[in-house]
Structures are given as C-alpha cells and as structure tokens.
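To start, the structure under review is shown below, and the notes come after it.
Counting from 1, the numbers follow the sequence of the chain as shown. Keep in mind that the numbers below use all heavy atoms, side chains included, and drop hydrogens, waters and symmetry copies.
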Amino acid sequence: MGPVRRRLIWGAAVLFPAPAWAEVCAAQRPNWDGTTVTAWGEFLYLLQTPIVLILIIATALAVRFRSEWGGLVVVVGWSLSTFLATGWGTNGDLRAVAMNEGCIGNTTLFIVFAALVCVGVVLYTAPLKRDKT
C-alpha cells in the first residue's frame, strides 16, 4: 500500500461520522442514549425547553386578554426561539455535526408550529373593526 492510497483511506475515514465525534453530542445533548432522534422527538424536546414553556404561558395570556401588545411580544419571542432552536446563531456548524451523528433531529415541525402560533396570535389579537354608522 503506497503513501497516496494510505492518505486517501485515512482521509475518507475522517470524513464519515464516527463515535469519535460523539463528544459533540455529549456537549449538545448530555443525556442522549445513542438512538437517532426523529423530527417528532426533536419537536417534543424543543417544546420542553424553559423559554418555550414561558412562551406557551405568555401566548395563553395574550390570547385570553386579547392584548395586541402582548401578542407582539409573544410573536417576537417565538421568532427568537425558532432562531435559537434552529442553530442559525454561532453554533450552526456544531449543530450540523450533531445532526449527522443523530443526537439532534430536524427542527421543521417546531418551526411550522411556531409559525402557526404566531399567525394565530396575530389574527386573534388584531383590533376589531367597528362600523361608524
């Protein structure tokens, strides 16, 4: 085996996800049990984060009192939570590696859920039109 072939084999071995990269998963999800996380599992995980639980309560209050300003705060909060949950911030590369490893799932369901909540809050808390007759 020549030096070129040996380098190619080692280079290919480094490119594929391996258990050596599991330290990324240990940093992202410390209690991960080794099974691949699905989109549904990721959705349920993200719903249990403290910021989302606070947003659910704030959304219920904004809808209950039909508050326009409360609805605005809730929509901004949901937007920020989806920004942070999808890894568009500084840890995007680590998140991509963790998704390849299988400890983080796809966040599409969470994004769709947050978008539907935002649309519902905006439509429900919009001011009612009154006739001036």
Spacing of [atom1] belonging to [X] relative to [atom2] belonging to [Y], to within rounding of 0.5 Å:
| X | Y | atom1 | atom2 | result |
| --- | --- | --- | --- | --- |
| Y45 | T107 | OH | OG1 | 13.5 Å |
| L53 | L47 | CG | CG | 8.0 Å |
| N100 | C25 | CG | SG | 9.5 Å |
| S79 | L84 | OG | CG | 11.0 Å |
| I51 | I56 | CD1 | CD1 | 11.0 Å |
| M99 | N106 | CE | CG | 5.0 Å |

Would a single hydrophobic cluster contain both [Y] and [X], if residues Ile, Leu, Val, Met, Phe, Trp and Tyr are joined by side-chain heavy-atom contacts under 4.5 Å?
| X | Y | answer |
| --- | --- | --- |
| V63 | V75 | yes |
| I57 | F65 | yes |
| L55 | Y124 | yes |
| L80 | V74 | no |

Item to check | Nearest atoms (heavy-atom pairs only) where G71 meets A62 | outcome: N-CB, 3.8 Å

Checklist outcome for this item: In short, T82 meets A114 closest at the heavy-atom pair CG2-CB, 3.3 Å

Next on the checklist: Using the rule given for side chain to side chain contact (heavy atoms under 4.5 Å, CB included), can you reason through T59 versus W78, listing the C-alpha separation, both sets of side-chain angles and the distance that settles it, and then say yes or no?
Outcome noted: CA-CA 9 Å; T59 302; W78 280 107; 3.0 Å; yes

Heavy-atom side-chain contact between [X] and [Y] under 4.5 Å:
| X | Y | answer |
| --- | --- | --- |
| V117 | F113 | yes |
| I104 | R29 | yes |
| F43 | I111 | no |

Next on the checklist: I'd like to know if the side chain of R95 reaches the main chain of A85, judged simply by a donor and an acceptor atom lying under 3.5 Å from each other, with no hydrogens or angles considered.
Outcome noted: yes

Checklist entry - Can you check side chain to side chain contact (heavy atoms under 4.5 Å, CB included) on L46 and V52, steps first, answer last? => result CA-CA 7 Å; L46 291 174; V52 173; 5.5 Å; no

